[in-house]
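Keep in mind the model is a prediction, meaning the values are calculated, not measured.
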Amino acid sequence: MTDETDEIADDPTGTTTDSAHEGPGVVNAAFAGTGALIAAAGAGVASPDSLGALTAVVAGALFAVGVVAFLWGYANGVVRSREEKITLGGLFFLSHTAPAVVRFRLRAALGIQVVVAVIAASVRPYTAVAFAVLAPMYGLGLLALWGARFGTFFPRDDGRDG
């Protein structure tokens with residue numbers, strides 16, 4: 001199977017587009033937030049008494065932005081569901097709705113956030129560093145936002161009027 005065939009298989013409409021370059025701001029934001037989490041968690045683990053609060057603030061900010069992005073993505077998905085068959089896996093995890101490169105990058109960012117947060121909270125469980133477990137909501141929210149704004153879904157064909 002060639003790369004072009006893989007792109008066609010990933011695109012439910014059967015057409016190839018340049019959708020791998022859609023939403024670069026969301027993908028870049030995912031990596032920027034992941035980098036901020038890595039830096040803050042590393043600093044908090046190294047010095048929990050003086051820098052643990054920094055980890056908590058960064059994780060809290062990422063959590064808050066992630067919740068907003070998640071709700072925004074969900075709302076856009078609800079609106080699109082009137083015309084398209086929106087699936088939960090497609091909306092929130094980009095299953096068969098995004099190009100492989102976008103899917104990989106956003107899932108990798110989420111995975112790195114989860115690993116960093118769990119390690120930081122495991123190493124310093126009874127400090128402010130443990131708030132790092134809130135941060136992966138950022139990655140999940142950006143997945144939902146990308147899926148709702150740029151994901152490719154099948155059109156509805158259930159015979160409903162309106």
Side-chain angles (χ1 to χ4, degrees), residues 1-42 55 58-122 131-162:
M1 214 173 183
T2 66
D3 290 333
E4 182 178 273
T5 310
D6 290 340
E7 289 176 6
I8 292 170
D10 286 345
D11 186 1
T13 62
T15 61
T16 58
T17 62
D18 199 20
S19 59
H21 300 291
E22 288 184 297
V26 176
V27 176
N28 292 338
F31 282 110
T34 302
L37 176 63
I38 290 169
T55 305
V58 169
L62 290 174
F63 177 79
V65 171
V67 167
V68 170
F70 187 89
L71 293 174
W72 187 7
Y74 179 75
N76 284 337
V78 168
V79 169
R80 286 184 68 180
S81 72
R82 295 181 57 86
E83 302 295 325
E84 298 170 287
K85 293 180 185 175
I86 305 296
T87 62
L88 291 178
L91 181 63
F92 297 119
F93 296 105
L94 308 182
S95 295
H96 306 292
T97 60
V101 65
V102 172
R103 222 176 22 242
F104 174 78
R105 289 176 180 168
L106 289 173
R107 288 178 182 174
L110 174 62
I112 292 167
Q113 291 168 22
V114 169
V115 168
V116 168
V118 168
I119 289 172
S122 297
F131 283 100
V133 298
L134 297 174
M137 184 66 199
Y138 181 72
L140 187 60
L142 292 182
L143 275 163
L145 183 61
W146 198 99
R149 295 207 48 216
F150 305 108
T152 305
F153 297 92
F154 286 108
R156 271 197 181 276
D157 60 352
D158 57 3
R160 293 185 307 154
D161 291 331

Can you name the closest pair of heavy atoms from Thr55 and Ala40 and give their distance?
-> OG1-O, 2.6 Å
Whether Trp146 side chain and Arg103 backbone form a donor-acceptor pair below 3.5 Å | no
In short, Ala30 meets Leu106 closest at the heavy-atom pair CB-CD2, 3.7 Å
Any side-chain heavy atom of Leu91 sitting closer than 4.5 Å to one from Thr97?
-> no
Under 3.5 Å, which donor-acceptor pairs link side chains of residues 131-142 to any protein atom two or more places apart or in another chain?
residue	atom	partner	partner atom	Å
Tyr138	OH	Ala29	O	2.7

Quick one: list whatever passes ring-ring contact (aromatic ring centres under 6.0 Å, His included) with Phe92, sequence neighbours left out.
-> Phe70
Below 4.5 Å, heavy atoms only, C-beta onward: do Lys85 and Asp157 meet side chain to side chain?
-> yes
So how far is it from Ile112 CD1 to Leu37 CG, rounded to the nearest 0.5 Å?
-> 10.0 Å
Between the CZ atom in Arg80 and the CZ atom in Arg149, the distance rounded to the nearest 0.5 Å is 10.5 Å
What residues form a ring-ring contact (aromatic ring centres under 6.0 Å, His included) with Tyr74, not counting sequence neighbours?
-> none
Is the shortest heavy-atom distance from the side chain of Val101 to the side chain of Val27 under 4.5 Å?
-> no
Over all heavy atoms of both residues, which pair between Val78 and Ser81 is shortest? Give the atoms and the distance, please.
-> O-OG, 2.6 Å
Should we count CG of Leu88 as having more than 12 external heavy atoms under 6.0 Å?
-> no
Just how far is it from atom OG1 of Thr87 to atom NE2 of His96, taken to the nearest 0.5 Å?
-> 8.5 Å
